[in-house]
K.L.:
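Can you read through this structure? Questions will come right after.
Just so we're clear, the structure is a prediction, and the values are computed from it rather than from any experiment.
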Amino acid sequence: RASPDGGSIHTYPDMDPTWYPKQYRYAPYIAETGMHSITDPAGLYQVINPDEFKDLGNMYSDEFVAGHPDFIHHFVEFNPARVPRMLSRASHVDNMANPSLESIAEATQVGAGEFYQVMSEQVQANYPVTTGLMPWVFKRPWPVVSAIHLVDGFGQPSAPYYFLKRTYQNLRVMCQLPRLLWKAGETIDIEAKVLNVSAGTDLKKATIKVQVINDRFEQLAMLTSTLNINPEPSVSGQKMGTYTLPTDYHNRHFFIVAELYDEVGNLLSRADYWPRTIPQMEDQAFYDQYTSEPVAWPTLTDGPWLKPVVGKVKTKLTAKLLQQQSNSGLTNLEVEISNIGKQPCFMTNINIEGSGRQFVCDDNFFWLAPAETRKVAVRVQWDDGIKPDRAKLKVDGWNSNKITIKL
């Protein structure tokens, strides 16, 4: 009985998540909804024959089932008609023709993370009509290859955990994007909102800044506005203006980055998005259908793929370990990460390598602006209860150097 009462909704739509406030705008409670992704490869290597991590781009063929018995055994709901099309979403992130386990896990997690972020923000922005949201599902009870999950069967958070976690900040800035897919030359109405879920927050003259940035991290537009945030739980909105994509901006991602600042200029919240212009939107029949009703998420066999494009525009990170304390099989770390390059670091990522482990961070898979420094707490649980000598902390981004620190 996930959805026992009248007015609550249990739904798994394969659509642009910006449709949630349109399709379910009168729903008081969305009781179950989410998106599939593939879990952390470090755990999967422990339970599945490594010879089966091949031909992953052909996952839903009849031949795949016969040659991947361990893989299928650990795959929840292995049915193309039942599973939302995580590979279609992954195909916007990277080439899924013949991916490695690492690349397909990362791409499906980022694709699901984008879905969870936009869905959660836009459902919360429908307050006070919609007053409840239960993203599905927090944790899987045993090791699985793929499932709707935030934390896998080993207890390791996936990327969607962090995308969703950020939407539940006490103060969360967001952009109410009308959709994620565009075509060159279109004009985008940009509306920013602040989700205030903490009673007592009273912020006068807050500043919202929204940047539009191309896939070379060049700023195309900066929109700025001020607003007062009510002290009670509330949603405050601000129309920021419009931006028109260049007429030759075909088959490319672009970034919309919203930031909320207090009266003295402290950054309180940031939300980043990566809409894109895709070939299908140049087809009038597809464009008309996509803009008028929810449609199945399109697959990009030839791009644009976000990760390889971002990776061409390099920046530089530094990282140092500020604190390391171990006790009873747990290690608490604090790492300071700085972007000393000239470009944003996209998908700034923290990982623990070299040993069986589960770890959770204050934040992960985040945008780090040029000249920005973040301190991140990391809590690690070791599989054997003892911190091994070979364990290492890894910090990198999709467009940065990789830093490795021995623990």
Side-chain angles (χ1 to χ4, degrees), residues 15-25 27 30 33-35 110-135 159-182 188-198 201 203 206-213 221-230 232-243 253-262 266-276 344 346-347 363-369:
M15 64 182 185
D16 187 323
T18 61
W19 275 100
Y20 270 81
K22 307 166 195 173
Q23 290 291 100
Y24 314 124
R25 60 186 177 275
I30 298 180
T33 194
M35 180 56 61
V110 170
E114 177 184 50
F115 184 94
Y116 274 106
Q117 174 185 329
V118 174
M119 176 273 293
S120 176
E121 289 176 344
Q122 299 217 3
V123 168
Q124 290 189 64
N126 201 40
Y127 178 87
V129 176
T130 302
T131 57
L133 169 66
M134 187 169 70
Y161 169 87
Y162 295 101
F163 282 78
L164 186 63
K165 178 177 184 285
R166 286 191 286 266
T167 70
Y168 286 99
Q169 295 172 307
N170 286 343
L171 280 174
R172 170 68 174 181
V173 69
M174 59 165 284
C175 276
Q176 186 89 31
L177 296 178
R179 46 189 160 95
L180 296 179
L181 305 182
W182 300 84
I188 305 169
D189 291 318
I190 299 177
E191 181 178 7
K193 292 186 175 180
V194 176
L195 312 177
N196 178 17
V197 301
S198 178
T201 301
L203 189 60
T207 299
I208 296 179
K209 296 181 180 180
V210 177
Q211 297 180 73
V212 182
I213 301 170
M222 169 69 86
L223 308 173
T224 303
S225 186
T226 59
L227 78 165
N228 297 330
I229 298 174
N230 297 324
E232 68 275 2
S234 58
V235 178
S236 304
Q238 190 73 31
K239 293 187 179 299
M240 304 295 294
T242 62
Y243 175 75
H253 285 79
F254 57 100
F255 299 96
I256 295 179
V257 182
E259 295 175 328
L260 177 69
Y261 295 87
D262 66 14
N266 296 312
L267 178 64
L268 302 177
S269 178
R270 173 189 290 135
D272 57 291
Y273 311 86
W274 45 95
R276 47 272 197 195
F346 187 70
M347 291 293 162
D363 199 5
N364 211 349
F365 301 93
F366 55 84
W367 179 286
L368 192 67

K.L.:
What's the separation between atom CZ in Phe365 and atom OH in Tyr161, rounded to the nearest 0.5 Å?
P.N.:
12.5 Å
K.L.:
How many angstroms lie between atom CG of Leu164 and atom CZ of Phe115, to the nearest 0.5 angstrom?
P.N.:
11.5 Å
K.L.:
Calculate, to the nearest 0.5 Å, the distance between atoms CZ and CD belonging to Phe254 and Gln211 respectively.
P.N.:
14.0 Å
K.L.:
Run the side-chain contact (heavy atoms from CB on, under 4.5 Å) test on Ile190 and Val212 for me, step by step, so that the C-alpha distance in whole Å, both residues' side-chain angles and the decisive distance to 0.1 Å come before the verdict.
P.N.:
CA-CA 10 Å; Ile190 299 177; Val212 182; 3.9 Å; yes
K.L.:
Please report the interatomic distance CE(Met134) to CD1(Ile30), rounded to the nearest 0.5 Å.
P.N.:
11.5 Å
K.L.:
How many angstroms lie between CD in Gln23 and OG1 in Thr18, if you round to the nearest 0.5 Å?
P.N.:
10.5 Å
K.L.:
Do Val129 and Arg25 touch side chain to side chain, with heavy atoms closer than 4.5 Å?
P.N.:
no
K.L.:
Any sub-3.5 Å donor-acceptor pair from Asn126's side-chain atoms to Pro21's backbone N or O?
P.N.:
no
K.L.:
Working to the nearest 0.5 Å, report the span between OH of Tyr127 and CG of Leu133.
P.N.:
14.5 Å
K.L.:
Of the non-hydrogen atoms in Ile208 and Ala192, which two are nearest, and what is the gap between them?
P.N.:
CG2-CB, 3.8 Å
K.L.:
Can you name the closest pair of heavy atoms from Pro275 and Ile256 and give their distance?
P.N.:
CG-CD1, 4.2 Å
K.L.:
Exactly one of Arg172, Arg166, Gln176 should register a side-chain hydrogen bond (donor to acceptor under 3.5 Å, both in side chains) with Glu121. Which one does?
P.N.:
Arg172
K.L.:
Can you list the steps and then say if Thr130 with Tyr24 is a side-chain contact (heavy atoms from CB on, under 4.5 Å)?
P.N.:
CA-CA 9 Å; Thr130 302; Tyr24 314 124; over 6 Å; no
K.L.:
Apply side-chain contact (heavy atoms from CB on, under 4.5 Å) to residues Tyr168 and Val197 and explain how you reach the verdict.
P.N.:
CA-CA 8 Å; Tyr168 286 99; Val197 301; 5.9 Å; no
K.L.:
Can you name the residues that form a side-chain hydrogen bond (donor to acceptor under 3.5 Å, both in side chains) with Ser120, not counting sequence neighbours?
P.N.:
Gln124, Thr167
K.L.:
Is the backbone N or O of Asn230 less than 3.5 Å from a side-chain atom of Asn196, with the two atoms forming a donor-acceptor pair by type?
P.N.:
yes
K.L.:
Mind checking side-chain hydrogen bond (donor to acceptor under 3.5 Å, both in side chains) for Ser225 and listing every partner two or more places apart, or none if nothing turns up?
P.N.:
Gln238
K.L.:
Do you know which two heavy atoms are closest between Glu259 and Leu267, and how far apart they sit?
P.N.:
CB-CD1, 3.8 Å
K.L.:
So does Val194 get a backbone contact from the side chain of Ser236, meaning a donor-acceptor N/O pair under 3.5 Å?
P.N.:
no
K.L.:
Is the backbone of Tyr261 close enough, under 3.5 Å, to the side chain of Thr207 for a donor and an acceptor to pair up by distance?
P.N.:
no
K.L.:
Do side-chain atoms of Gln169 reach the backbone of Arg270 as a donor and acceptor pair under 3.5 angstrom?
P.N.:
no
K.L.:
Compare every heavy atom of Val210 with every heavy atom of Ala258, then report the nearest pair and how far apart it is.
P.N.:
CB-CG2, 4.1 Å
K.L.:
What pair of heavy atoms forms the shortest contact from Ser269 to Val173, and how long is it?
P.N.:
OG-N, 3.1 Å
K.L.:
For Cys175 and Gln122, work out which heavy atoms get closest and say how close.
P.N.:
O-NE2, 4.3 Å
K.L.:
Using modelled atom types only, decide if a donor and an acceptor are shared between the side chain of Tyr116 and the backbone of Pro135 within a distance under 3.5 Å.
P.N.:
no
K.L.:
Is the number of heavy atoms from other residues, nucleotides or ligands under 6.0 Å of Lys22 NZ greater than 12?
P.N.:
yes
K.L.:
Apply side-chain hydrogen bond (donor to acceptor under 3.5 Å, both in side chains) to Trp367 and list each qualifying residue two or more places apart in sequence or on a separate chain.
P.N.:
none
K.L.:
Would you say the side chains of Tyr20 and Thr33 form a donor-acceptor pair under 3.5 Å?
P.N.:
yes
